[in-house]
Protein chains: 2
Amino acid sequence: MTSQCYKYLVVTNLVPDVHNPACPTRVVLDRIGDRWTSLVVLNLLDGPLRFTRLRAAIGGVAPKVLTQTLRAMERDGLLHRTVHAEVPPRVDYELTALGRSLSTPIQAITDWAEAHVTDVEAARAEYDAAREDR
Amino acid sequence: MTSQCYKYLVVTNLVPDVHNPACPTRVVLDRIGDRWTSLVVLNLLDGPLRFTRLRAAIGGVAPKVLTQTLRAMERDGLLHRTVHAEVPPRVDYELTALGRSLSTPIQAITDWAEAHVTDVEAARAEYDAAREDR
DNA sequence: CAGTATCCCATCAGATACTG
DNA sequence: CAGTATCTGATGGGATACTG
């Protein structure tokens with residue numbers, strides 16, 4: 001149920017800490033592994049955006065889902081949500097320093113992906129071809 | 001439906017490539033964002049393991065799920081699966097060079113998590129406390 | 001404009017039992 | 001030993017319509 005905690009694995013090669021409910025790396029993977037969080041981070045790096053602009057910048061995200069994503073990120077301290085007392089309403093989303101710092105691991109993933117996606121796709125094609133021969 | 005591709009976002013700030021079905025970063029996030037792949041990578045860094053040993057090393061993963069994970073990783077060229085013609089059967093799982101290289105972005109995530117998990121948890125506590133006051 | 005409210009589905013993941 | 005088969009539930013994500 002609970003998984004090994006990466007911290008102890010990487011640092012000391014210890015046995016699984018089965019009763020650790022909040023493995024740091026698991027927390028982060030659950031967040032940036034979702035569909036939209038990393039795109040939100042990248043799109044807000046240049047400065048704050050309001051809801052509709054952000055949604056258009058990302059593309060293809062339903063308003064409900066974007067709201068969920070932004071609320072979760074706000075809760076985690078990754079961004080600030082600022083409601084301006086205007087009509088029509090204006091809400092700005094801006095990364096915190098913590099949120100901006102998340103671009104480092106995201107960039108590491110993007111870099112790896114760019115460098116190796118052709119290898120992955122070749123491997124998939126080969127694997128699938130081998131299975132088709134039967 | 002299809003999301004913006006990270007490549008064009010990061011490199012050129014272009015508009016969403018809505019019809020790109022295989023955004024490299026999306027492919028990678030879908031893989032390492034799952035529950036077990038990154039733990040498999042970390043546990044195989046020191047050398048090959050057979051199924052049951054790997055399962056014990058990771059801890060808490062059902063055999064069906066581990067098999068799914070390993071098959072997907074094999075298909076992506078991240079590891080080799082070697083069946084020895086013995087009784088009882090012996091199957092070794094060993095990372096490829098590609099699989100080992102994946103430890104770089106995984107490590108970037110782990111590092112970020114270790115460095116900032118207290119910030120995230122503090123933000124969560126604050127957020128939840130603020131909501132409870134009503 | 002910035003969301004909510006509903007409904008819905010696919011997928012992931014786990015539990016459990018069984019097998020070549 | 002190294003899986004497969006089956007069932008099940010949780011959750012993430014999406015479509016659509018509506019509202020303060």
Side-chain angles (χ1 to χ4, degrees), chain A residues 1-4 16 18 21 23 26-27 29-40 43-44 48-76 79-94 131, chain B residues 1-4 16 18 21 23 26-27 29-40 43-44 48-76 79-94 131:
Chain A
M1 191 161 309
T2 311
S3 75
Q4 189 167 23
V18 180
C23 170
R26 188 67 260 156
V27 170
L29 281 176
D30 283 346
R31 174 93 21 261
I32 75 174
D34 78 359
R35 191 67 48 185
W36 303 108
T37 295
S38 42
L39 276 172
V40 170
N43 275 287
L44 290 181
L49 288 176
R50 48 202 298 191
F51 189 85
T52 302
R53 296 274 293 176
L54 176 59
R55 189 174 167 227
I58 291 175
V61 58
K64 188 201 72 169
V65 176
L66 183 56
T67 299
Q68 285 174 350
T69 304
L70 292 171
R71 289 292 195 280
M73 293 178 68
E74 186 192 7
R75 178 171 182 262
D76 285 356
L79 54 78
H80 285 308
R81 177 172 175 272
T82 311
V83 183
H84 301 275
E86 302 174 7
V87 179
R90 173 188 186 88
V91 179
D92 276 324
Y93 291 94
E94 178 168 26
R131 305 208 97 214
Chain B
M1 189 162 306
T2 311
S3 75
Q4 190 166 20
V18 181
C23 172
R26 187 68 260 157
V27 169
L29 281 177
D30 283 346
R31 174 86 30 256
I32 73 173
D34 77 0
R35 192 65 48 184
W36 303 109
T37 295
S38 42
L39 277 171
V40 170
N43 275 287
L44 290 182
L49 288 176
R50 50 202 298 191
F51 189 86
T52 303
R53 296 274 293 176
L54 176 59
R55 189 175 167 224
I58 292 175
V61 57
K64 189 202 71 170
V65 175
L66 182 56
T67 300
Q68 286 174 348
T69 303
L70 292 170
R71 290 291 195 282
M73 292 178 68
E74 187 192 6
R75 178 170 183 263
D76 285 354
L79 54 76
H80 284 309
R81 177 172 176 272
T82 310
V83 183
H84 300 275
E86 301 173 9
V87 178
R90 174 189 185 85
V91 179
D92 277 323
Y93 291 94
E94 178 170 25
R131 304 209 96 211

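Lettering of chains follows the sequences in order, A, B, ..., and the numbering in each one begins at 1.
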Euclidean distance, atom CD of residue B:Q68 to atom P of D:dT6 [Å, nearest integer]: 14 Å
Residue whose closest nucleotide on DNA chain D lies nearer the 5' end, A:P89 versus B:R50: B:R50
Phosphate OP1/OP2 of C:dA2: any A:T52 side-chain N/O under 4.0 Å: yes
Whole-Å distance separating the CG atom of A:L70 from the C1' atom of C:dG3: 11 Å
5'-most by nearest nucleotide on DNA chain D - B:K64 or B:R53: B:R53
Between P of D:dG14 and CZ of A:R35, the distance in whole Å: 6 Å
Within-4.5 Å side-chain heavy-atom neighbours: B:W36 and B:L70: no
Whole-Å distance separating the CG atom of A:L49 from the C1' atom of C:dG3: 17 Å
Candidate nucleotides C:dG14, C:dT4, C:dA2, ranked by approach to the side chain of A:P63 - the nearest: C:dT4
Residue matched to D:dG3 through Watson-Crick or wobble contacts both under 3.5 angstrom: C:dC18
B:D30 side chain reached by A:R35 side chain, heavy atoms, under 4.5 Å: yes
Touch class at under 4.0 angstrom, heavy-atom based, for B:R55 against every strand present: nothing
B:I58 CD1 to C:dA13 P, straight-line distance once rounded to whole Å: 13 Å
Phosphate contact (C:dC1 OP1 or OP2) by A:Y93 side-chain N/O below 4.0 Å: no
Length of the line joining B:R90:CZ and D:dG3:P, which is rounded to integer Å: 12 Å
Under 3.5 Å donor-acceptor, B:R55 side chain and B:V61 backbone: yes
Separation of atom CG in A:L29 from atom C1' in C:dA13, rounded to whole Å: 16 Å
Between P of C:dA2 and CD of A:E86, the distance in whole Å: 10 Å
Sugar-phosphate only, base, or nothing, as touched by B:V65 at under 4.0 Å among non-hydrogen atoms: base
Any B:T82 side-chain heavy atom under 4.5 Å of B:E94 side chain: no
Below 4.0 Å: OP1/OP2 of D:dA2 and any side-chain N or O of B:R71: no
Nucleotide nearest A:W36 when distance is taken to its side chain, options D:dG3, D:dC1, D:dG14: D:dG14
pair B:Y93-B:L44: side-chain heavy atoms closer than 4.5 Å: yes
